[in-house]
Amino acid sequence: VQLQASGGGLVQAGGSLRLSCSASGSAFLINDMGWYRQAPGKQRELVATVTNSGTTNYADSVKGRFTISIDNAKNTVYLSMNSLKPDDTAVYYCNAHSCLPYQCYKGLSNNWGQGTQVTVSS
């Protein structure tokens, strides 16, 4: 499974951005998708995840400001980011757990996309 992320950029504090990440490949099922981020000098951290049934999970730092959603038909996850803060500045990475059709019971593959830079200026 290949993940292609887009939508990063430079925005002023208080602004908004929307990230997208599409999964592609042959014969796969997506179990869940999510976004992680890594700021300079810090460890990669979870931002938000969403299952294929729509169950979401957010880091406390983004609750109420970020919204994650998934389009199962397009194998695409979106992250709408509002009220951005300089602390949100990081490289954002797309993640997906997948399996072969009818073989999810065998386990899930962990897939990462390339990062997309989000910079929030004060």
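Side-chain heavy atoms closer than 4.5 Å link hydrophobic residues (I, L, V, M, F, W, Y) into clusters, and following such links, even through other members, never connects Y36 to V1. When hydrophobic clusters are built by joining Ile, Leu, Val, Met, Phe, Trp and Tyr residues whose side-chain heavy atoms come closer than 4.5 Å, directly or via intermediates, V77 is grouped together with F28. Taken together through direct or relayed side-chain contacts under 4.5 Å among Ile, Leu, Val, Met, Phe, Trp and Tyr, I70 and V62 form part of one hydrophobic cluster. In the hydrophobic clustering of ILVMFWY residues, with side-chain heavy atoms under 4.5 Å counting as a link, I68 and Y92 come out together.
Here the side chain of N95 pairs no donor or acceptor atom with the backbone of G34 at under 3.5 angstrom. A donor-acceptor pair is defined here as one N or O able to donate and one able to accept, closer than 3.5 Å; no such pair exists between the side chain of Q4 and the backbone of G113. Looking only at distances, a side-chain donor or acceptor of T116 sits under 3.5 Å from a matching main-chain atom of G8.
Atom CG of L17 is separated from atom CZ of F66 by 9.0 Å, given to the nearest 0.5 angstrom. The CG atom of N111 lies 7.0 Å from the CD1 atom of I30; values are rounded to the nearest 0.5 Å. Atom OG1 of T51 is separated from atom CG of N57 by 10.5 Å, given to the nearest 0.5 angstrom. With rounding to the nearest 0.5 Å, the separation of CG in L108 from CG in L29 is 10.0 Å. Taken from CG in N110 to CG in N31, the straight-line distance is 11.0 Å, to the nearest 0.5 Å. Rounding to the nearest 0.5 angstrom, the gap separating the CZ atom in R18 from the CG atom in N82 is 11.0 Å.
Residue L3 comes nearest to M33 through the heavy atom pair CD2-CE, 4.2 Å, listed as atom of the first residue, atom of the second, then distance. The two residues G25 and Q2 have their closest heavy-atom pair at CA-OE1, 3.8 Å. Taking all atoms of both residues into account, the shortest heavy-atom contact from P86 to S122 is CG-CB, 3.9 Å. When all heavy atoms are compared, the tightest approach of D32 to H97 is OD2-ND1, 2.8 Å. Closest heavy-atom contact between G115 and V91: CA-CG1, 3.5 Å. Contact between Y58 and L46 at its shortest, heavy atoms only, is C-CD2, 4.4 Å.
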task: Please assess R37 against S61 for the test side chain to side chain contact (heavy atoms under 4.5 Å, CB included), listing each intermediate value before the final yes or no.
output: CA-CA 12 Å; R37 66 186 182 187; S61 59; 3.4 Å; yes
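No hydrogens or angles considered: nothing links the side chains of T119 and T89 as a donor-acceptor pair under 3.5 Å.
Residues W112 and C94 are not in side-chain contact: their nearest non-hydrogen atoms beyond the backbone lie 4.5 Å or more apart. The side-chain heavy atoms of V11 and M81, taken from C-beta on, include no pair separated by under 4.5 Å.
Counting non-hydrogen atoms of neighbouring residues, nucleotides and ligands closer than 6.0 angstrom, the OH atom of Y105 exceeds 12 such neighbours.
Under a 4.0 Å N-O distance rule, the pair K63/D60 qualifies as a salt bridge.
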